[in-house]
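In what follows, a single structure is set out as structure tokens and then discussed.
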Amino acid sequence: FVIIQASNGAIWRSKYTTTTYNDGNWHHAVMLVDNLNVDLYVDGARPTLTNYQSGTMTTYTSPTIPVRVGRDSDAADVFNGSIDEVRIYNRDLDAREITKLYESGLSRIGINQLGLVPDDFPANATISYVRENCTGYSPCYATLALWESNFGGFGWDGCTTGDLTCLNKTAVAKIDGTWNSPDTTYVAIDGWVTDATRYIKIYTTATARHPGKWDETKYRIEVTDAGAIAIYEEYTRIDGLQIKLTATSLYRRAITGLVNNANSDIRIADNIIRGNCSGESNDCSGIATIWNYTANYKIWNNIIYDLFSGVNICQTATAQVYNNTVVNCGSVGYYRNGTPIIIAKNNIAYGNGDNYLGTFDDYSTNNLSGPTQTDAPTTNARNGVRVNFIDEANDDFHLSPADSGARNYGADLSNDASISYSLDIDRQNRKGTWDIGADEATGTVIGGSQKNQISNGLVGFWSFNGPDIDGN
């Protein structure tokens with residue numbers, strides 16, 4: 001941050017942080033200026049700063065030089081980024097006020113920022129770890145497949161190994177820590193005994209979880225010409241994983257449901273599934289079930305792209321498919337394969353061969369088909385709609401705050417009879433009128449109320465596309 005008073009640059013004050021902030025996230029910055037000093041806060045705190053200065057600052061009253069945001073007064077040195085909600089005060093803010101301004105905006109900023117990931121499991125949970133580095137953790141396994149084949153490393157206390165109903169426990173695979181390399185081993189969840197209150201939960205903590213976009217520093221399963229996860233157990237939950245499927249041969253699926261039990265409850269949420277399918281891989285699918293296997297699936301908040309098919313629900317299965325985003329799948333986005341029951345709500349299908357194929361249940365609603373297709377299930381359908389993603393070319397399928405295709409066109413499913421949830425894939429709250437797709441668009445709220453903000457001494461507020469305060 002630099003203030004220059006003389007046109008020749010002879011009188012100036014500047015402070016530079018020793019940390020860079022070009023990480024693709026929103027940050028809150030405050031600059032304090034008087035005749036002697038410049039101070040700087042970033043994200044509510046004073047970082048380590050480097051100071052440069054020259055000359056003595058005086059009051060400058062020239063009306064001919066405008067205030068510019070994002071570039072200097074000569075219209076040069078353009079800021080390379082986005083700026084929003086600029087405020088100018090006629091007094092210094094104290095540290096408490098700066099912290100209040102920062103914290104008041106936390107729930108409203110931060111594309112790609114991951115919300116809280118709590119240890120959300122029941123009191124009967126028994127927990128073991130999956131970590132790239134298991135030092136200091138026990139029981140702990142370097143791959144999810146090892147966790148499964150060792151049945152979590154639990155003591156079974158006279159019960160048959162894998163019988164959670166006898167042990168009266170829920171088995172939790174807590175995938176944790178940093179990951180420099182992918183997990184490359186196929187996982188078959190098989191040989192357990194589960195029920196509705198004693199189930200299997202596989203999830204990532206915040207340190208191992210993606211931020212709603214593929215992240216090579218987080219946990220990920222990457223397999224070639226093999227499935228990634230096969231689910232044979234009736235009560236299984238998978239939450240927050242990344243899966244990459246490279247396939248050149250037939251019948252490769254990232255997550256396959258192989259359960260044949262009408263009383264099952266299989267939940268697949270908050271995952272990113274991507275593909276690299278070529279050759280004869282004409283059943284290279286993101287989430288798929290097996291023909292004539294009767295089971296119940298709840299599938300929500302997943303982002304799936306670059307496969308042959310995104311979500312492929314086959315004959316006799318039942319699936320609630322809510323708030324998913326499926327993009328650029330060569331054959332089909334959402335496929336009713338045969339006569340299963342599929343209730344689809346708030347889904348984005350975008351740029352797939354067919355976005356929706358088959359007849360979906362009458363309870364389906366608020367689905368989007370784009371950019372040109374018009375095949376979304378009929379109730380409250382958004383057909384032929386363009387969606388503005390943050391960076392579609394680089395596979396960032398967060399909704400842009402400027403999107404007008406999917407934003408505020410979803411149904412509120414927080415009290416849905418089948419799946420009740422209120423968070424998006426980033427674990428950010430869905431509020432008001434929901435967005436369609438896995439992401440609830442975030443960004444600075446423009447033109448919002450100034451209630452609970454710091455108004456004393458506020459002489460200018462620029463939202464850029466909402467109401468401004470002009471100093472009067």
Side-chain angles (χ1 to χ4, degrees), residues 130 143-145 148 173 175 179 182-190 200 202-204 208-210 212-216 218-233 236-259 266-291 293 295 297-314 317 319 321 324-335 337 347-349 352-353 395 397 425 438:
V130 178
T143 69
L144 183 59
E148 197 284 334
I175 303 173
W179 290 80
D183 184 344
T184 59
T185 310
Y186 161 78
V187 183
I189 303 170
D190 193 13
I200 295 167
I202 299 167
Y203 86 109
T204 51
R209 182 174 295 225
H210 61 78
K213 179 183 183 297
W214 187 268
D215 190 331
E216 298 281 337
K218 306 299 183 180
Y219 178 79
R220 59 210 184 275
I221 299 176
E222 298 186 11
V223 292
T224 299
D225 279 333
I229 299 176
I231 302 171
Y232 290 88
E233 298 306 332
T236 301
R237 304 180 184 186
I238 297 175
D239 181 22
L241 276 59
Q242 298 183 118
I243 301 173
K244 182 178 180 180
L245 179 62
T246 300
T248 60
S249 55
L250 294 171
Y251 307 119
R252 305 304 182 195
R253 288 92 180 262
I255 299 177
T256 309
L258 296 114
V259 172
I266 300 158
R267 305 185 186 187
I268 302 169
D270 303 322
N271 304 289
I272 295 178
I273 303 173
R274 64 184 297 187
N276 181 12
C277 305
S278 60
E280 296 183 354
S281 58
N282 63 357
D283 194 19
C284 175
S285 302
I287 299 171
T289 69
I290 295 300
W291 190 265
Y293 275 34
Y297 295 87
K298 298 175 181 178
I299 300 167
W300 74 98
N301 280 351
N302 299 284
I303 294 176
I304 303 171
Y305 58 96
D306 292 351
L307 291 141
F308 185 78
S309 62
V311 178
N312 182 351
I313 306 300
C314 294
V321 181
N324 300 282
T325 298
V326 177
V327 179
N328 196 35
C329 289
S331 177
V332 59
Y334 302 88
Y335 186 14
N337 191 351
N347 295 290
I348 290 176
N352 306 289
D395 300 330
F397 299 109
I425 190 171

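For clarity, every value in this text was computed on a predicted model and none was experimentally measured. As a basis for the values below, the full set of heavy atoms in this structure was taken, side chains included, without hydrogen atoms, waters or symmetry mates. We number each residue from 1, following the sequence as shown.
Note that CD1 of I272 and NZ of K218 are 12.0 Å apart. Values are rounded to the nearest 0.5 Å. Taken from OG1 in T184 to CD in E222, the straight-line distance is 8.5 Å, to the nearest 0.5 Å. If you take NZ on K213 and CZ on F397, they are separated by 9.5 Å, rounding to the nearest 0.5 Å. To the nearest 0.5 angstrom, W291 atom CH2 is 6.5 Å from C314 atom SG.
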- Task: List the steps, then state whether side chain to side chain donor-acceptor pair (under 3.5 Å) holds for T185 with T143.
- Result: CA-CA 7 Å; T185 310; T143 69; 4.7 Å; no
- Message: For a side chain to side chain contact (heavy atoms under 4.5 Å, CB included) check, start with the C-alpha distance between W214 and R220, then their side-chain angles and the critical distance, and finish with the verdict.
- Response: CA-CA 9 Å; W214 187 268; R220 59 210 184 275; 4.0 Å; yes
- Query: Do Y334 and V326 pass the side chain to side chain contact (heavy atoms under 4.5 Å, CB included) test, and can you show the C-alpha distance, the side-chain angles, and the key distance before you say yes or no?
  - Reply: CA-CA 8 Å; Y334 302 88; V326 177; 3.3 Å; yes
- Run the numbers on I290 and R253 for side chain to side chain contact (heavy atoms under 4.5 Å, CB included), then give the verdict. CA-CA 11 Å; I290 295 300; R253 288 92 180 262; 3.6 Å; yes
- Task: Decide yes or no on side chain to side chain contact (heavy atoms under 4.5 Å, CB included) for N302 and I268, but give the supporting numbers first.
- Result: CA-CA 8 Å; N302 299 284; I268 302 169; 4.1 Å; yes
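Residues R274 and D395 meet the side-chain proximity criterion, which asks for heavy atoms closer than 4.5 Å. Side-chain contact between I238 and Y203: absent, with no pair of heavy atoms (C-beta onward) separated by less than 4.5 Å. I299 places a side-chain heavy atom less than 4.5 Å from the side chain of I313. Contact annotation: the side chain of I189 approaches that of I229 to within less than 4.5 Å [non-hydrogen atoms, C-beta and beyond]. In this structure the side chain of E216 never reaches within 4.5 angstrom of the side chain of W179, judged on heavy atoms. In this structure, I304 and N324 have side chains that are not in contact, with every pair of non-hydrogen atoms separated by 4.5 Å or more.
Side-chain contact annotation: S309 with S285, donor-acceptor N/O pair under 3.5 Å present. In the model, T246 has no side-chain atom that pairs as donor or acceptor with a side-chain atom of D225 under 3.5 Å.
Between Q242 and the options D215, I221, T204, a side-chain contact (heavy atoms from CB on, under 4.5 Å) holds for only D215. Of the candidates T289, I287, V311, V321, Y297 forms a side-chain contact (heavy atoms from CB on, under 4.5 Å) with just one, namely T289. When each of D270, N271, I255 is tested with L241 by the rule side-chain contact (heavy atoms from CB on, under 4.5 Å), just one qualifies, namely N271. Of the residues T256, V332, N337, the one that meets the side-chain contact (heavy atoms from CB on, under 4.5 Å) test with N312 is N337.
Considering every non-hydrogen atom in both Y186 and A145, the closest pair reads O-CB, 3.6 Å. Counting all heavy atoms, side chain and backbone alike, I266 lies closest to A295 at CD1-CB, 4.3 Å. Across all non-hydrogen atoms, the minimal contact from A226 to R252 is N-CD, 3.7 Å. A254 approaches I273 most closely through the heavy-atom pair CB-CG2, 3.5 Å. Of all heavy-atom pairs between A247 and C284, the closest is CB-SG, 4.0 Å. Across all their heavy atoms, A228 and I243 have their closest contact at CB-CG2, 3.5 Å.
Taking a 6.0 Å sphere around OH of Y293, one finds it holds 12 or fewer heavy atoms contributed by other residues, nucleotides or ligands.
In this structure a side-chain-to-backbone donor-acceptor pair under 3.5 Å is present from E148 to D190.
Salt bridge absent: D239 and R267 never bring a charged side-chain N and a carboxylate O closer than 4.0 Å.
For the salt bridge (charged side-chain N to carboxylate O under 4.0 Å, His left out) test, no residue two or more places apart in sequence or in another chain qualifies with D306.
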